[in-house]
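Here's the structure we're looking at; comments come further down.
So that the names make sense, note that chain A is the first sequence line, chain B the second, and so on, each numbered from 1.
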2 protein chains.
Amino acid sequence: MDIRLFSPYFLGSYGENNHEFEDIFLEFFRDHVYWRRSFHPEDLPPISILEKQSSHYLETMAKTKQELHKLSAALKQSVPFSNPRYIGHMASDVLLPGMLGQFITALYNPNNVTEEAAPVTVKMELEVGNNLAAMFGYNLDPNNGSVAWGHLTSGGTVANYQSLWMFRSVKYYPLAVKRCGELADIDFIDGKGRSLHYMSTWDLMNLSIDEVIQVRVNCLNQLKAMGDDKYDELIQLLREQRIEHQGHIDFFEQHKELKQPVVLVPATAHYSWVKAMKILGIGSKNLWHVPTDEKMRLDPEALRLLLLKAKSENRTVLAVIGVLGTTEFGTVDPISDIVTLREEMIRDESLNYYIHIDAAWGGYLSSVFRNEENNLRSHDEVKAGFEHFPSAKVYDAFAALKDTDSITVDPHKLGYMPYGSGAFIARNKNMCGFVVQEAAYVFDKKNRFVEPEPKLNQLGQYIMEGSKPGAAAAASYVAQNVLPLNAEQFGKLPASTIRTTEVFYHKISELSDKLKGKATLITPMEPDTNLICLAINPAGNTSTRVLNDFTRKVFEHIKIEKTTPLFNKEFIGSYTSIFRKNIDDSVAQSLCSKLGLDSGSFVTDIEKAEYQDNALFVLRHTLMNPWLSDDKNGETYLDMYLTYLEETILRLIEQ
Amino acid sequence: MDIRLFSPYFLGSYGENNHEFEDIFLEFFRDHVYWRRSFHPEDLPPISILEKQSSHYLETMAKTKQELHKLSAALKQSVPFSNPRYIGHMASDVLLPGMLGQFITALYNPNNVTEEAAPVTVKMELEVGNNLAAMFGYNLDPNNGSVAWGHLTSGGTVANYQSLWMFRSVKYYPLAVKRCGELADIDFIDGKGRSLHYMSTWDLMNLSIDEVIQVRVNCLNQLKAMGDDKYDELIQLLREQRIEHQGHIDFFEQHKELKQPVVLVPATAHYSWVKAMKILGIGSKNLWHVPTDEKMRLDPEALRLLLLKAKSENRTVLAVIGVLGTTEFGTVDPISDIVTLREEMIRDESLNYYIHIDAAWGGYLSSVFRNEENNLRSHDEVKAGFEHFPSAKVYDAFAALKDTDSITVDPHKLGYMPYGSGAFIARNKNMCGFVVQEAAYVFDKKNRFVEPEPKLNQLGQYIMEGSKPGAAAAASYVAQNVLPLNAEQFGKLPASTIRTTEVFYHKISELSDKLKGKATLITPMEPDTNLICLAINPAGNTSTRVLNDFTRKVFEHIKIEKTTPLFNKEFIGSYTSIFRKNIDDSVAQSLCSKLGLDSGSFVTDIEKAEYQDNALFVLRHTLMNPWLSDDKNGETYLDMYLTYLEETILRLIEQ
C-alpha cells in the first residue's frame, strides 16, 4: 500500500500541512465571526473600539497571552502522539478533517443534549451513529426489520456502562409487565401470543431483546386501548414494578425465584467492566471471567461451561461481552462462536443472553471488511491486501458483528479523532424506550402515550450523559464524509497499520535469529490487529523474574518518565503483563518453552521471589501511525526502532 | 458595574475580538507545528512537498474543504448563544482565555486518563479541581486536616453519578471491615478506639466520611502489621466483603438487618438524580423528594420529617442532595440548614448522612463570596454590590458549602467554558481510596500495600470515565489564571448578571402595572440567582389552562422551532412548568391569588380539562450574557426584550 495516500489526511508529524490547516481554519473562523454579526445586524457591537484601547483591556489581553505562553511552554512536555516514533498507547495524529470539523464547530459551541440546543449537530451525531452501525452490519432500513441507533459518549468506558444499563433495563422488563398484569388483572401477552402470566420466570428472563421489545409494544397497545385514565394509572403501576424503580433489593424480594445475574467477559477484558459491575450495583463477583486460549482470545468451550454453570445455578446471564481488539494485546474474541453458542443455548437450554462487543479499540477495523456499497467483503477479498490478516477466526468475528446486540467503539482511538469521543451503537433502537428519562419541562399531557419509538432528537433522554459537545459529533461527521467507513476509503488507513504489524512480526523473528545465543525474542501471541507485544529473554536465563527485570530495563529506554526529557527519547513504547492466572497451563508451558524459561518460574503464587513471577512483563506496541513504514530517512521508522531495540538489548546484555 | 470590564473576556457577539483571537491562535498553532518538528528534527518530513502536488492530495483537500463548507453552512442554523438576545438555556459566549486554551491544547490532544498520556494537563486538571475546591471553602492545606480533591467530568450528570457511587462505596465500607474481622477473627477498631465487632449496624452505617476513612486507615495499618502473606490474603478477604464485590443482593443477604437506603433531593432536583438511582441499582423509589417552600427551595422542616421517617424505618440515609441553583428556577436550597440538621440528627438520632451539593448551575457564583485572599466575604460586603442579593438564606447557603462532602459544578455553564466540562469536587480526597480501580498493567507486587492516600496522577483509577480530553482541563486552567475565582476578578462577571436579574425583576413589576387591566405579570418566586421566570395572565382570566395557553402563545415568539429561521427571532427564551404536585397548598394559593386565578383550576389531578391544569407554564430566562445591560443601541437589550414582550402580549390580547 502506498502510504503517500495519507498525505492529505493529517497535519503531519512535521506539521507538513500547516498552511492548509491555517488557511482552512481562518476561512471558517471568519465565516463564524460574520455569522455572529448577521443575527440582528442592526445591533451595535457591545464591545466598542474605544474600549479596546483602555488600559484594562490591554492589560487583560496581555495577561491572557502571558497565560497562554505559559500553557504553550508547558504543553511542550506533551507526548508527541503524532510522531511515528511514538508506538506506545492507542494514540496517533488525528484526522485533519475531524480536527478542523471539531475546531470550527467548537466556535458555535452546540450542546448535543437536545436538538433545541444543537439544531445541526444532533442530526450529525445520529448520522455518525448510523454510519458506524452500517459499518458493523447493523440494519438501517425500516423495511427490513429492526433499525439500529448509535450516539457518541465521552469515551468507551461510558459506552460500556451504557450497554449493561440498557441490558438490565430490557432484561427485567417482562417480569415487571407480568407483575403489573397480576396486580391489575390484565392478561399481557408476548410476541408469540403467550400469556406472560403462565410463562416461567426463567422463560421471561430469557427472551431476546427483540422479543422484549414486542412484549412492550403489546403491553403499551393493550393499555392504550383501555382509555386515558386507565392508561395513566396502569402505566404508573407498570413503572413501579420495574427494577429501575424498585432497586435491586426490592425487585429481587418480589421475585424470590431470581438469582443474581452474571456477566461474562474474557479474562483480557478492560478494567472498566469491573467498574461497570460495581457502579451498577450488580457486584464485581458476578462478573465471570472466561479463560482465554493461547491466542489470548475468549475460549468458546470455556464460555459454554460457564453458561451451563449459570444455568445449573438458575442464574440469568445478563450479557456476554466479546472484545474486538483487547487493550493489552489487540486480540479479537471469536464473536461468531459467541453468536452461534447463543443459538445453541436458546435451543438446548432455553438460555438466552445479550451480546455486547467492546470494540473500543478494534471497531474501526470493520471498515476494512466493507466495500463501497457497505456490503461485507469476502474473506478472500479482505485477505488479498495482507499476508496473514485476517485469520478465519478474525474474519468470522467481524462478519458476526451484525448479530450482536450492541457495540462500543471509540472514535478517539482507531477512528483517529480527538479526545473525548466514544460511541455506543445498538442493533435495535427501540432499546431506548426502556431507559427513557424525560426532563420536567418536556412533559406534556397531550403526548401522554409512551411510544415504543424513541424521539431521538431528544438525545439526553436516552443516554447516560446530559449536556455534551456537538463539536465531537461534527468531527466524526466530517471525517466520515471525507473518508467513508469502507475498505476503499477510510479502511486503507487501519489496513496499512496492520500491514506494518505483519512486517514487524516477521522482523522480530529475524531479529531473534540474529541475536541467537544472546537473547530470545518472541511475540507471545500472533497479533490479531495492529497491536503487538514482545517478550525478551537473555540467553541462558530460565527465571521469569530475571526475564521481567531484563525487559523492564529495556522498557526504561522507551518509557515516559519525569526524570528524562521526552524529547531525548528515540522511541516511546508501552508495556503490559501476561498474568499466569489468566492463561491455561498449556499456554504458559508453551510460552516458557519458546522463551527458554523454566515453567516452574512462571506461577500463580510466588514462593521463590527471586526466581518466580506471576506475570510476564512484555513490551507492547500500538502501531497506528501510518508513517511507521515511511522510508524517506533511508530506512523505515519500524526498522529504526528494531535497530534501536537490538542495540539496547546488546548493551544491556554486555553490562 | 461597568460592563466594559468584560470587553477582553469574550470573542464578542459581534466577534469584536476577532483579530485578537486570530493573532493569538495563529501564534500558538505555529508554535505547536514547530514543536512537532523539534522531536527528532533530523527526521525528514514523512509528507513530501512533491506528494502535495499530486492529484490525490489536491482532490482530498478539495473534498475536505467542501465538507467543511457544508458543515459551516449547516452550523449557521446554530443557536446564537453568544448574543445578548439569547436568554434561554444555560449558555452564552465562552471566555476567550478558556476557548483559546482549549483550542491550543487540542492540537496536542493529551489524554487525561493518566499523567503518562498527559504529563502537563493532568496536573492542570487537579489544579482546576483545587481552585474550585478553594472557592467552595474546602481545605487544601495538609497541615489543616483533610484535604480536598476535584477533577473534571464530561458534564454535571456524570459528576452527580459519581457522588452517589463514592458515597455508597464509603457508606457500606465499615460493614465490610466488620465482617472481614469476624471471618478472620481480627478486632478492627474505629477512630475512637471502638471495636467494630461490638458496634451496631446502625452505628456503623452512620459514621461520617472522615470516620470511615479512619476505619480504613486503621484497618490497613492492622493488616500491614501482619506481614506480606497475611496482608495479601486478608486484603482480598476484605475486598470480597464489600458491596462493590457482592452486589446489592448478596450484600443485603449477608446483612439482613439492612433496609434499602434512601437519597433525599428537593422536588426541584435535576432529572439526572432519578437516572443516577436507576443506573446505580438503588432504585428510583428510594429517591425521596423533599417538598420545597414558596421560594422553590428545599423545605428544611420537610427534610427533618423525612429523615425521622427514614430513621423510624431503620433506613440508611445515603445522601441528602442540596441544589445550588436549580435548573428550572435558579433557586438555592438552604445548605446551611441541611448542615445544621445533620449535626442535630447525629446528636439526637445517631443519624448521619453525607451531603452532596448539585451546584452544576450556581457553583461559580461562589466566586462572588470570596475575596482575593480566598476568604469568605461577609454578608454586608457581598450585599454591597446588589440591591437584594444575596438574601440571608442564600448567603448562608454559600457560606455552608465548606461543610458539605462533595459538589458538582459545571465549567460549561456559569464557568463560561466550552462543552463538555463538568466537575466533581470532594472535601476529603481520601474518599478516592474506596473506589480505586487499577488497570492490569499498573499492578505491581512491589507496591502491594494499598495506601489510603490516592496517587492522583493516575486519574483514571478514581473516576467514572476513562480516556478524557486534557484540552478541557487546560481551558479552565487558563481561564482561572486570567480570572481567579474571587469577587474582584471572575466574580464580577456572574455578579453583573445578578444585577441584571434584579433590574429585570423590578421592570417586570413595572410592566405589570403598565399593563393593568390587560394582563398580570408576576415572577412566581423571587430569583435567588440569575435565572428568572415569568407567569403571564390575560386580565379577567381565572383558568390555569387558559393562562397556560396564552403564555404558550407568547412563548411561540421566542421559541426555537424548525419552521421559522432562527435569525428571524427577536429574542430567544425558554420555558418551564411549575407542577402543582411539587408545591404546597399555600404556595399554589398564593400564586393563584397574585395571578388572579381560581385556585380550583390549578390542580394535581385534572377533572375539567378545559379549565384546569396540573402545572403552570412560565417563561424562563437565563440571564448570563453580560451584554444584556449594554445600552449602545439607545436602550439595553433587557429593555428591548421587555418592550418586545409587551408588544407581543398586547397583540395577543387584542386577537
Side-chain angles (χ1 to χ4, degrees), chain A residues 4 7-8 12 14-16 18 28 31 33 36 39 44-47 51 57 60-61 63-64 67 72 74-75 77-78 80 97 108-109 119-120 154-155 157 244-249 252 260 271 275 278 281-285 419-420 437 439 441 466-469 478 481-482 576 627 630 632, chain B residues 4 7-8 12 14-16 18 28 31 33 36 39 44-47 51 57 60-61 63-64 67 72 74-75 77-78 80 97 108 111 119-120 154-155 157 244-249 260 271 275 278 281-285 418-420 437 439 441 466-469 478 481-482 576 627 630 632:
Chain A
R4 284 178 301 178
S7 299
Y14 194 80
E16 297 93 320
N18 57 337
F28 291 105
D31 203 357
V33 165
R36 288 195 176 202
F39 183 54
L44 286 169
I47 301 172
E51 172 55 28
Y57 180 94
T60 308
M61 274 297 170
K63 196 172 176 196
T64 300
E67 286 301 328
S72 183
L75 283 171
Q77 299 167 48
S78 293
Y108 296 81
N109 200 28
V120 184
S154 63
T157 295
E244 279 81 3
H245 179 80
Q246 297 282 337
H248 282 209
I249 304 300
F252 276 67
Q260 293 245 57
Y271 68 97
K275 268 163 84 170
K278 293 177 174 179
I282 307 175
S284 53
K285 78 167 182 183
Y419 294 108
Q437 186 68 49
Y441 56 87
S467 293
K468 58 203 291 281
V478 172
N481 280 355
V482 175
T576 190
W627 317 117
D630 175 50
K632 289 193 192 62
Chain B
R4 283 178 301 178
S7 299
Y14 194 81
E16 295 94 319
N18 57 337
F28 292 105
D31 202 358
V33 165
R36 289 196 176 202
F39 183 55
L44 286 169
I47 302 172
E51 173 54 28
Y57 180 93
T60 307
M61 275 296 169
K63 197 172 174 195
T64 300
E67 286 301 328
S72 183
L75 283 171
Q77 299 167 51
S78 294
Y108 296 81
N111 176 1
V120 185
S154 64
T157 295
E244 278 80 5
H245 179 80
Q246 296 282 339
H248 282 209
I249 302 301
Q260 292 246 55
Y271 69 96
K275 267 162 85 171
K278 293 177 174 178
I282 308 176
S284 53
K285 78 167 181 182
Y419 295 107
Q437 186 68 48
Y441 57 86
S467 294
K468 59 203 291 282
V478 172
N481 280 355
V482 175
T576 190
W627 317 116
D630 175 49
K632 289 195 192 60

Minimum heavy-atom separation for [X] to [Y], with atom names?
X	Y	result
A:Val478	B:Glu67	CG1-CB, 4.1 Å
B:Ser78	A:Pro119	CA-CD, 4.4 Å
A:Tyr419	B:Pro469	O-CB, 3.5 Å

Shorter than 4.5 Å, heavy atoms on both sides: which option in [options] has the most such pairs with chain B?
options	answer
A:Thr60, A:Val482, A:Leu75	A:Leu75
A:Gly12, A:Ala74, A:Pro45	A:Pro45
A:Thr64, A:Asn109, A:Asp31	A:Asn109

Next on the checklist: Taking A:His245's backbone N and O only, do any of them form a donor-acceptor pair with B:Lys285's side chain (distance below 3.5 Å, no angle check)?
Outcome noted: no
Item to check | Student check: side-chain heavy atoms of B:Lys468 and A:Ser154 closer than 4.5 Å | outcome: no
Checklist entry - Is there side-chain contact between B:Ile47 and A:Trp627, with at least one heavy-atom pair below 4.5 Å? => result yes
Checklist entry - Using non-hydrogen atoms only, which part of A:Val120 is less than 4.5 Å away from chain B: side chain, backbone, both, or neither? => result side chain
Item to check | Region of A:Pro80 in contact with chain B, defined by heavy-atom distances below 4.5 Å | outcome: both
Based on non-hydrogen pairs under 4.5 Å, which of [options] is most in contact with chain A?
options	answer
B:Pro418, B:Ser72, B:Pro46, B:Gly15	B:Pro46
B:Glu244, B:Glu16, B:Gln246	B:Glu16
B:Asp630, B:Val33, B:Asn111	B:Asn111
B:Gly247, B:Ser7, B:Ser467	B:Ser7

Next on the checklist: Within this structure, what is the NE2-CD distance for the pair B:His248 and A:Gln260, rounded to the nearest 0.5 Å?
Outcome noted: 10.0 Å
Checklist entry - Under the side chain to side chain contact (heavy atoms under 4.5 Å, CB included) test, which residues partner B:Thr157, sequence neighbours left out? => result B:Tyr161, B:His270, B:Ser272
Item to check | Portion of B:Gln77 that has a non-hydrogen atom of chain A nearer than 4.5 angstrom | outcome: both
Checklist entry - Where does B:Ile249 contact chain A at under 4.5 Å (heavy atoms): side chain, backbone, both or neither? => result both
Checklist outcome for this item: Residues at least two apart in sequence or cross-chain that pass ring pair (Phe, Tyr, Trp, His ring centres under 6.0 Å) with A:Tyr108, listed by chain then number, are A:His32, A:Trp35
